[in-house]
Amino acid sequence: MATAPERLLLRLEWKVVRRLDGRLQGAHRTAHRGSGIDFTGLRAYTEGDDARHIDWNVTARLDEPHLRVFTEDRELTVWLVLDRSASMAAGRPGRGKHDVLAELALVLARLFGRGGNRVGALLYDTGTVRVVPPGTSRRHALRIAAELERTATSGAGATTDLAAMLDAAGRLARRRALVVVLSDFIGDGDWERSLQRLARRHEVVALRITDAADDVLPEAGLIVVEDAETGEQLVVDSADPLLRVRLREAVDDREARLAAGMRRARVPVHRVDTDRDLGEALVEVVAGTGARKP
């Protein structure tokens, strides 16, 4: 009998992967494109060539400038940074933020892996880091999915330290790579500085997973609200107009700070709502990321 990750992957392969297959590889530039890493031979220097590639020993021997020629490395190492903190549990049953994160991670692992790229995953919860080393096969995508299923989101605890999550990704990805951060970006810490450090060494894309419950307080009279991460509870009057105004201001401020931080780090951020069709959302992500200039 197929496992839950196998059933999920099969469904996503029919509904999403087939729609995107071939688009991801063509739309995203690689980490080494244009310079390569494998030496293949020599050729005579011509005007306009990069003088840094001149082989001076061969040039001296032949009394004519020659360049070292390299093959172009078009394969990526991709790291998926997966936020498993308590705030990711928000949303309706079966379609919460953690469900969408699992689907996104599985689709991306499968798409990149089909092109021969190596995909690894870092699963982060406050105080806990789990790592799936890079691999390429369908079985490897299932391994990431199984780890996501095994690592359930935590209960109440400290608020997510976004800076620590990004720093953990930086320590893990030693060679230049594509780093895709999947998170709701609800948390504390000087995450902007950590993001800038990560973006200086790697190409970084942020997929921000959102749910209406993050931004909207239902008008239902007296209700108990709970911080998903700290467990703190408070009784509030959801119909209080002043409370609703303050909540709206807090949400707008959070949105503005997030957008400004991403812009300063030059990291593209794509919003993926839990009620959005996953295929359509990823088509927009691929098109938007591919439009970036190298």
Side-chain angles (χ1 to χ4, degrees), residues 4-5 8-9 11-12 15-16 79-109 121-130 132 141 144-166 168-169 179-189 191 195 204-218 225-232 247 250-251 254-255 257-259 261-262 267-282 284-285:
L8 176 60
L9 179 55
R11 176 172 64 83
L12 292 172
K15 291 183 62 178
V16 181
W79 282 102
L80 304 178
V81 180
L82 308 176
D83 183 354
R84 300 295 288 158
S85 61
S87 67
M88 292 296 294
R92 67 182 188 273
R95 197 60 185 172
K97 289 188 288 186
H98 61 91
D99 299 303
V100 174
L101 178 142
E103 293 185 3
L104 281 169
L106 196 48
V107 167
L108 291 173
L122 182 152
L123 290 78
Y124 182 88
D125 192 359
T126 301
T128 304
V129 176
R130 293 184 181 274
V132 179
I144 293 175
E147 191 67 23
L148 278 166
E149 185 179 54
R150 185 169 75 88
T151 312
T153 53
S154 68
T159 303
T160 304
D161 189 337
L162 296 173
M165 180 176 73
L166 297 169
V179 179
V180 185
V181 184
L182 288 78
S183 173
D184 57 8
F185 290 94
I186 295 176
D188 294 330
W191 61 266
L195 183 64
V204 182
V205 175
L207 300 187
R208 184 185 172 206
I209 303 171
T210 61
D211 187 85
D214 295 334
D215 305 333
V216 179
L217 186 66
V225 294
E226 178 178 333
D227 187 310
E229 303 213 319
T230 65
E232 182 180 357
L247 176 62
V251 169
R254 184 188 68 200
E255 295 292 308
R257 286 188 288 107
L258 178 65
M262 292 289 177
V267 169
V269 56
H270 305 274
R271 181 166 176 152
V272 181
D273 296 320
T274 55
D275 60 356
R276 182 82 184 280
D277 177 83
L278 193 62
E280 292 178 1
L282 281 174
E284 290 186 7
V285 169

Checklist line | Interatomic spacing from CG in Leu182 to CG in Leu101 - rounded to 0.5 Å | finding: 5.0 Å
Margin query: If you define the side chain from C-beta out and look only at heavy atoms, does anything of Arg130 sit under 4.5 Å from Arg150?
Written below: yes
Margin query: For Lys97, run the side-chain hydrogen bond (donor to acceptor under 3.5 Å, both in side chains) check against Asp184, Thr210, Asp273 and tell me which one passes.
Written below: Asp184
Next item on the list: Let me know which of Leu166, Val267, Asp83 forms a side chain to side chain contact (heavy atoms under 4.5 Å, CB included) with Val181.
Entry: Leu166
Checklist line | For the student: nearest non-hydrogen atoms of Ala281 and Val272, plus distance | finding: CB-CG1, 4.2 Å
Notebook entry, point to check: Rounded to the nearest 0.5 Å, how far does CD1 of Ile209 lie from OG of Ser87?
Noted result: 10.0 Å
Next item on the list: Write down the atom of Ala109, the atom of Ile144, and the distance for their closest heavy-atom approach.
Entry: CB-CD1, 4.0 Å
Margin query: Is there a side-chain contact (heavy atoms from CB on, under 4.5 Å) between Arg276 and Val100? Walk through the geometry before answering.
Written below: CA-CA 10 Å; Arg276 182 82 184 280; Val100 174; over 6 Å; no
Notebook entry, point to check: What heavy-atom pair brings Gly94 and Asp99 nearest, and what distance separates the two atoms?
Noted result: C-OD2, 3.2 Å
Margin query: Is there a side-chain contact (heavy atoms from CB on, under 4.5 Å) between Leu258 and Trp191? Walk through the geometry before answering.
Written below: CA-CA 10 Å; Leu258 178 65; Trp191 61 266; 3.9 Å; yes
Next item on the list: With side-chain contact (heavy atoms from CB on, under 4.5 Å) as the test, would you mind laying out the steps for Glu103 and Arg11 before giving the verdict?
Entry: CA-CA 10 Å; Glu103 293 185 3; Arg11 176 172 64 83; 3.0 Å; yes
Notebook entry, point to check: Between Gly187 and Leu162, what is the shortest heavy-atom contact and its length?
Noted result: N-CD1, 4.0 Å
Notebook entry, point to check: Minimum heavy-atom separation for Tyr124 to Ala164, with atom names?
Noted result: OH-CB, 3.3 Å
Check: Under the side-chain contact (heavy atoms from CB on, under 4.5 Å) test, which residues partner Ala102, sequence neighbours left out?
Finding: Leu148
Check: Do the non-hydrogen side-chain atoms of Leu104 and Leu282 ever get within less than 4.5 Å of each other?
Finding: yes
Next item on the list: Name all residues meeting the salt bridge (Lys or Arg N to Asp or Glu O under 4.0 Å) criterion together with Asp275; count only those two or more places apart in sequence or in a different chain, and write none if there are none.
Entry: none
Note to self: Show the nearest heavy-atom pair for residues Ser85 and Asp125, with the distance to one decimal.
What the structure shows: CA-OD1, 3.5 Å
Notebook entry, point to check: How would you list, by chain and number, every residue that makes a side chain to side chain donor-acceptor pair (under 3.5 Å) with Glu255, sequence neighbours excluded?
Noted result: Arg208
Margin query: I want to check something: taking the side chain as every heavy atom from C-beta on, are Leu82 and Met88 in contact at a cut-off of under 4.5 Å?
Written below: no
